[in-house]
Chemist: 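What follows is a single structure, and I will ask about it in a moment.
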Amino acid sequence: MMKGRAVTAFEQRVYDQVSLVPVGRVTTYAEMSKALDCHSAQAIGQALKRNPFAPEVPCHRVIRADHSIGGYAGQTGGEKLELKLSLLKSEGVEFNSVGKLVLPEKLFLFGARD
DNA sequence: ATGATGATTGGGG
DNA sequence: CCCCAATCATCAT
């Protein structure tokens, strides 16, 4: 039988990290790259786009550093993005007409205490 | 092993 | 808005 592709150590660390983001909060690719001591936010996106545990692992709670929505399920536009938006909205996180996070204080910074 | 790709980012025009 | 360089894990050859 077909065995799915193995989750790499790096991906596992990314998933563990994003799992720390609470419901109703979001973080950024850049913030995660710092927390994981990786110097490439894009590498974080690479791992998240291949997340085999979505939405168990909340990869939809990761947005861009400029507070815009970012991508989802391998897409940067289209229906999947709509899904990401509705998932976040159902958790109380919203974006304005310019596509930016309405309440920046909802950003979750690793290592910061509330 | 080498080259290309990408859910990014910060800088510049 | 668009373009570019830097960065790096993963994928295709």
Side-chain angles (χ1 to χ4, degrees):
Chain A
M1 41 181 284
M2 299 291 293
K3 287 196 299 193
R5 178 184 135 283
V7 171
T8 68
F10 177 72
E11 290 169 340
Q12 190 60 67
R13 267 185 295 153
V14 171
Y15 304 149
D16 286 347
Q17 194 69 35
V18 74
S19 295
L20 298 178
V21 181
V23 174
R25 306 295 299 278
V26 285
T27 190
T28 68
Y29 299 99
E31 179 55 31
M32 288 193 69
S33 65
K34 287 188 221 167
L36 294 176
D37 192 36
C38 168
H39 282 255
S40 174
Q42 189 153 49
I44 300 294
Q46 280 284 13
L48 291 177
K49 92 173 186 187
R50 296 194 287 270
N51 174 15
F53 310 113
E56 308 276 306
V57 169
C59 53
H60 57 277
R61 296 185 193 142
V62 188
I63 65 179
R64 297 180 49 137
D66 65 354
H67 296 182
S68 56
I69 191 60
Y72 192 62
Q75 303 183 190
T76 53
E79 293 183 27
K80 297 302 184 179
L81 262 297
E82 292 299 299
L83 175 58
K84 178 173 182 177
L85 284 169
S86 69
L87 275 173
L88 288 174
K89 176 160 188 179
S90 72
E91 296 183 350
V93 179
E94 303 179 58
F95 291 79
N96 61 33
S97 55
V98 198
K100 300 294 187 59
L101 181 62
V102 175
L103 302 172
E105 58 266 41
K106 295 213 174 217
L107 270 178
F108 179 78
L109 291 308
F110 299 100
R113 46 185 200 60
D114 272 42

Chemist: Would you say a side-chain N or O of R5(A) is under 4.0 Å from OP1 or OP2 of dT10(C)?
Modeler: no

Chemist: Just by protein heavy atoms under 4.0 Å, how would nucleotides 6-13 of chain B read 5' to 3' in B, S and -?
Modeler: BBBBS---

Chemist: Expressed as a whole number of angstroms, how long is the span from K34(A):NZ to dT7(C):C1'?
Modeler: 16 Å

Chemist: Are Y72(A) and L48(A) close enough, and set up right, to give a side chain to side chain contact (heavy atoms under 4.5 Å, CB included), and what steps lead you there?
Modeler: CA-CA 9 Å; Y72(A) 192 62; L48(A) 291 177; over 6 Å; no

Chemist: Are the side chains of L109(A) and T27(A) in touch, meaning some heavy atoms are under 4.5 Å apart?
Modeler: no

Chemist: Do E94(A) and L88(A) have side chains that get closer than 4.5 Å, going by heavy atoms?
Modeler: no

Chemist: Quick one: H39(A) NE2 to dA5(C) C1', roughly how many Å, whole number?
Modeler: 17 Å

Chemist: Pairs in or reaching into residues 16-34 of chain A: which pass salt bridge (charged side-chain N to carboxylate O under 4.0 Å, His left out), with residues at least two apart or in two chains?
Modeler: R25(A)-D114(A), E31(A)-K34(A)

Chemist: Please work out the stems of DNA chain B from pairs that are Watson-Crick or G-U wobble with both distances under 3.5 Å, keeping only runs of three or more consecutive pairs.
Modeler: B:1-6 with C:8-13, B:8-13 with C:1-6

Chemist: Tell me, do Y29(A) and Q42(A) make a side-chain contact under 4.5 Å, heavy atoms counted?
Modeler: no

Chemist: Any link between V62(A) and I69(A) through a network of hydrophobic side chains (Ile, Leu, Val, Met, Phe, Trp, Tyr) touching at under 4.5 Å?
Modeler: no

Chemist: In terms of heavy-atom contacts, does NZ of K106(A) have more than 12 from other residues, nucleotides or ligands at under 6.0 Å?
Modeler: yes

Chemist: Heavy atoms only: give me the nearest Q75(A)-E79(A) pair and the separation to one decimal.
Modeler: NE2-N, 4.3 Å

